[in-house]
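See structure below.
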Amino acid sequence: MERVRGVLKAHLERAYAPYSGFPVVALVEAEGESFLGVNVENASFPLSQCAERNAVAAMVLAGKRRIDRVHIYSPKGPIPPCGGCRQVLLEFGSPETEVVLHGPEGYVVRTLGELLPLGFRL
Ligand code: THU
């Protein structure tokens with residue numbers, strides 16, 4: 001876990017969050033590989049993209065589609081993922097998928113099912 005925490009912290013400065021001042025780094029473990037994402041904000045605020053969804057996009061581009069574990073780091077954390085990201089994570093994960101919420105002092109582990117009960121699936 002310490003190695004992952006180091007990777008998350010090392011990428012914090014890559015987040016583009018000039019409007020909120022709230023940088024977030026996400027790391028998705030999928031099929032033996034890891035994919036990073038940071039939040040990318042925009043002057044047109046609703047166009048801002050969460051770190052988790054950017055990590056999922058990198059995973060899909062690499063040809064992976066099964067999320068095994070998710071890590072989310074915020075200097076103000078541990079923070080839970082937003083509702084929209086929970087739904088996006090469920091698309092490629094399951095209610096049993098671990099979501100590790102990291103902050104500077106430590107982390108807590110939840111499952112996606114705990115974070116998104118009765119998640120919608122087709
Ligand atoms: N943010 C994320 O990147 N992930 C979340 O799950 C929560 C919110 C970002 C979006 C925005 O750039 C900033 O945090 C403040 O909402």
Side-chain angles (χ1 to χ4, degrees):
M1 191 63 80
E2 283 314 304
R3 189 194 65 78
V4 173
R5 286 179 60 76
V7 171
L8 292 165
K9 289 179 187 177
H11 288 82
L12 193 58
E13 64 182 27
R14 302 280 177 91
Y16 180 71
Y19 303 106
S20 70
F22 197 95
V24 181
V25 183
L27 185 151
V28 168
E29 295 179 17
E31 302 174 44
E33 290 185 35
S34 295
F35 301 94
L36 284 161
V38 295
N39 53 335
V40 179
E41 299 185 345
N42 191 276
S44 177
F45 296 164
L47 297 180
S48 298
Q49 184 84 348
C50 287
E52 296 90 328
R53 272 179 274 175
N54 283 332
V56 168
M59 176 195 78
V60 171
L61 179 62
K64 309 294 186 188
R65 294 191 173 176
R66 196 195 71 239
I67 295 178
D68 298 316
R69 193 148 71 147
V70 181
H71 301 264
I72 303 165
Y73 181 87
S74 161
K76 294 174 183 158
I79 57 136
C82 79
C85 286
R86 296 176 199 202
Q87 180 68 32
V88 170
L89 293 171
L90 184 65
E91 183 73 21
F92 300 100
S94 74
E96 289 74 42
T97 302
E98 285 185 349
V99 182
V100 188
L101 311 173
H102 296 264
E105 311 301 335
Y107 60 89
V108 295
V109 183
R110 295 286 182 270
T111 65
L112 201 44
E114 288 176 301
L115 296 174
L116 186 65
L118 299 177
F120 176 70
R121 303 192 91 165
L122 289 177

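All ligand and atom numbering here is 1-based and tracks the order in the structure. Given the structure is predicted, the values throughout are model-derived calculations rather than measurements.
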Connected-component partners of Met1 among ILVMFWY, side-chain separation under 4.5 Å: Val100, Tyr107, Val109

Ligand 1 N/O to protein N/O, distances under 3.5 Å:
from: ligand 1; atom 1: 3 (O); to: Ala51; atom 2: N; distance (Å): 2.9
from: ligand 1; atom 1: 4 (N); to: Glu52; atom 2: OE1; distance (Å): 2.8
from: ligand 1; atom 1: 4 (N); to: Glu52; atom 2: OE2; distance (Å): 3.4
from: ligand 1; atom 1: 6 (O); to: Glu52; atom 2: OE1; distance (Å): 3.4
from: ligand 1; atom 1: 6 (O); to: Glu52; atom 2: OE2; distance (Å): 2.7
from: ligand 1; atom 1: 6 (O); to: Cys82; atom 2: N; distance (Å): 2.9
from: ligand 1; atom 1: 12 (O); to: Asn39; atom 2: ND2; distance (Å): 2.9
from: ligand 1; atom 1: 12 (O); to: Glu41; atom 2: OE2; distance (Å): 2.5

Crowding at CZ, Arg121 (>12 non-hydrogen neighbours, <6.0 Å): yes

Value rounded to 0.5 Å, distance of SG in Cys82 from CG in Leu115: 11.5 Å

Atom of Glu52, atom of Ile72 and distance for their closest heavy-atom approach: OE2-CD1, 3.5 Å

Reported CG-to-CD distance for the pair Leu112 and Glu98, which is rounded to 0.5 angstrom: 11.0 Å

Minimum heavy-atom distance Val108-Pro78, with the two atoms named: CG2-CB, 4.2 Å

